[in-house]
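Please read the structure below before turning to the comments.
Bear in mind the structure is a predicted one, so any value in this text is a computation, not a measurement. The chains referred to below are lettered A, B, ... by the order of the sequence lines, with proteins before strands, and numbering in each begins at 1.
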Number of protein chains: 2
Amino acid sequence: MKRDSRLSGVLHVLLHMAQQPGPFTSETLAKAMDTNPVVIRRIMAGLRDLGYVRSEKGHGGGWRLACDLSKVTLRDVYTALGSPALLAMGNRTEAPGCLVEQAVNAALDQAFHDAEALLLSRLGEVTLAMLGDDFRKRLGSRKLQGMRAHGA
Amino acid sequence: MKRDSRLSGVLHVLLHMAQQPGPFTSETLAKAMDTNPVVIRRIMAGLRDLGYVRSEKGHGGGWRLACDLSKVTLRDVYTALGSPALLAMGNRTEAPGCLVEQAVNAALDQAFHDAEALLLSRLGEVTLAMLGDDFRKRLGSRKLQGMRAHGA
DNA sequence: TTTCATGTAACGTTATATGTTGCATATCTG
DNA sequence: CAGATATGCAACATATAACGTTACATGAAA
């Protein structure tokens, strides 16, 4: 099954934007993510509708963050993407008349629902600000490594 | 994202087989599942390799259960299918040099891993025998309803 | 030997994420 | 106002994977 990477992609964009004041054109962001500007606009549209980012047309236009990063969770971002399917598996048919299928669906649905709930819960515990902190920590580590490599 | 229904499908087949001694031809099973005989053979191949079912060619041939239903879990069946992807989402790129991407991936991987572990755990708690019991319970309820509808 | 059944490869179909092009619209600059 | 820059969006192209279908080989029973 082909895996949906929009959540990963949009988080990448948001974190890059958090490092500089902006604005950022779709083309700039697309280059950083090695994709197409239209793809950027597509995945950012939901975020804009929910007020997490703003876009402006024309000269000096582009995308800007418009939210408190410590108040937006990964789950919020997921929702802004339209809450796409989380699980790669599903039942063969919904609303089955077959009792065998009902028994199978009931068991699978239970397991699927639990897994989805846990995933959403975990995503809800992580804010964009926390991701930013992690990024800066990694940046510090890399700098230290570089200094060591140069004999400092 | 299109959802994989092979697990749901193969469970459906196994439970149907558990209701009668068999053997069952691929064509019979395919009709019950409203699909193609070749699809049946395809999803049953992994189960045969692990010894959960046996197949015989020629006259009077077909598929038979070859395991203790109380010892095979939904997770075993999932594994027999080749352990396909559980989650519909994934990271944009693996092995990223970008520190932003590393931070994003670390957070998502954590959540994804937890959800997958829970799902596998839940599937491991349910045996085929338990599904069979649930089916028979539903069958009983339906019979009762039918009797009530006829004024009993 | 004929018939029935699985085993498997090859190809077609469908759905969805992703990539691309084209053009309309809005905004800034000169 | 004219031109350049940027988003908004529709339409179409591409890649991939599940699912469906056809064709033929192999093996077993009547």
Side-chain angles (χ1 to χ4, degrees), chain A residues 1-10 12-13 17 22-49 52-66 78 81-94, chain B residues 1-10 12-13 17 22-49 52-64 66 78 81-93:
Chain A
M1 165 113 0
K2 198 177 189 177
R3 276 156 120 174
D4 185 341
S5 66
R6 279 174 294 181
L7 180 58
S8 171
V10 74
H12 192 165
V13 166
M17 290 173 69
F24 303 84
T25 68
S26 301
E27 192 172 349
T28 300
L29 296 175
K31 263 178 197 151
M33 292 196 42
D34 193 39
T35 183
N36 194 289
V38 179
V39 176
I40 298 293
R41 294 190 192 112
R42 206 138 60 187
I43 65 181
M44 296 287 277
L47 295 181
R48 181 192 54 221
D49 295 345
Y52 298 148
V53 297
R54 263 195 289 271
S55 63
E56 277 172 21
K57 293 181 174 180
H59 260 288
W63 299 90
R64 281 178 202 276
L65 291 175
Y78 162 77
L81 291 180
S83 304
L86 292 174
L87 298 182
M89 319 190 65
N91 290 324
R92 223 172 49 84
T93 62
E94 302 301 329
Chain B
M1 168 102 12
K2 196 179 191 177
R3 276 156 120 172
D4 185 342
S5 65
R6 280 175 294 180
L7 180 58
S8 170
V10 75
H12 192 165
V13 166
M17 291 173 68
F24 303 84
T25 68
S26 300
E27 191 172 352
T28 301
L29 296 175
K31 261 177 197 151
M33 292 195 43
D34 194 39
T35 182
N36 194 288
V38 178
V39 176
I40 298 291
R41 295 189 191 113
R42 206 138 61 188
I43 64 180
M44 296 287 277
L47 295 180
R48 182 193 53 219
D49 295 344
Y52 298 148
V53 298
R54 262 195 289 273
S55 62
E56 277 170 23
K57 295 181 173 179
H59 261 288
W63 299 90
R64 280 179 203 275
Y78 163 76
L81 291 180
S83 304
L86 293 173
L87 298 182
M89 319 191 64
N91 289 323
R92 221 172 49 82
T93 63

Checklist entry - Quick check: are there more than 12 heavy atoms from other residues, nucleotides or ligands sitting under 6.0 Å from CZ of B:Arg48? => result yes
Is the distance from OP1 or OP2 of [N] to the nearest side-chain N or O of [X] less than 4.0 Å?
X	N	value
B:Arg3	D:dA18	no
B:Arg48	C:dT8	yes
A:Ser55	D:dG8	yes
B:Arg42	D:dC19	no
A:Thr25	D:dT5	no
A:Arg41	D:dG8	no
A:Ser26	D:dT7	yes

Without decimals, in angstroms, what is the distance between [X] [atom1] and [N] [atom2]?
X	N	atom1	atom2	result
B:Asn36	C:dG12	CG	P	16 Å
A:Asp4	D:dA18	CG	P	15 Å
B:Lys31	D:dG20	NZ	C1'	17 Å
A:Ile43	C:dA17	CD1	C1'	12 Å
A:Arg6	C:dG19	CZ	C1'	14 Å
A:Glu27	D:dA6	CD	P	8 Å
A:Leu7	C:dT18	CG	P	11 Å
A:Leu87	C:dT16	CG	P	16 Å

Checklist outcome for this item: Comparing nearest nucleotides in DNA chain C, the 5'-proximal residue of the pair B:Glu56, A:Ser5 is B:Glu56
Item to check | B:Gly62 vs A:Asp34, nearer the 5' end of DNA chain C by closest nucleotide | outcome: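 The residue closer to the strand's 5' end, by nearest nucleotide, is B:Gly62.
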Next on the checklist: Once you apply a heavy-atom cut-off of 4.0 Å, does B:Arg54 come out as touching a base, just sugar-phosphate, or nothing?
Outcome noted: nothing
Checklist entry - If you look at every strand shown and take non-hydrogen atoms under 4.0 Å, does A:Gly60 touch a base, only sugar-phosphate, or nothing? => result nothing
Checklist entry - Of the candidate nucleotides D:dA28, D:dC9, D:dT22, which contains the atom at the shortest distance from the side chain of B:Val38? => result D:dT22
Next on the checklist: If you assign each of B:Pro84 and B:Lys57 to its closest nucleotide in DNA chain D, which residue comes earlier from the 5' end?
Outcome noted: B:Pro84
Item to check | Side-chain heavy-atom pair A:Arg41, A:Trp63 within 4.5 angstrom cut-off | outcome: yes
Checklist entry - Is there a side-chain contact between B:Tyr78 and B:Leu86 (heavy atoms, below 4.5 Å)? => result yes
Checklist entry - Quick one: CG on B:Leu7 to CE on A:Met89, what's the gap to the nearest 0.5 Å? => result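 It is 4.5 Å, given to the nearest 0.5 Å.
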Next on the checklist: To the nearest 0.5 Å, what is the distance between CD1 on A:Ile43 and CE on A:Met33?
Outcome noted: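 Reported value, rounded in 0.5 Å steps: 5.0 Å.
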Checklist entry - Backbone N or O of B:Ser8 within a donor-acceptor pair of the B:Ser5 side chain at under 3.5 Å? => result no
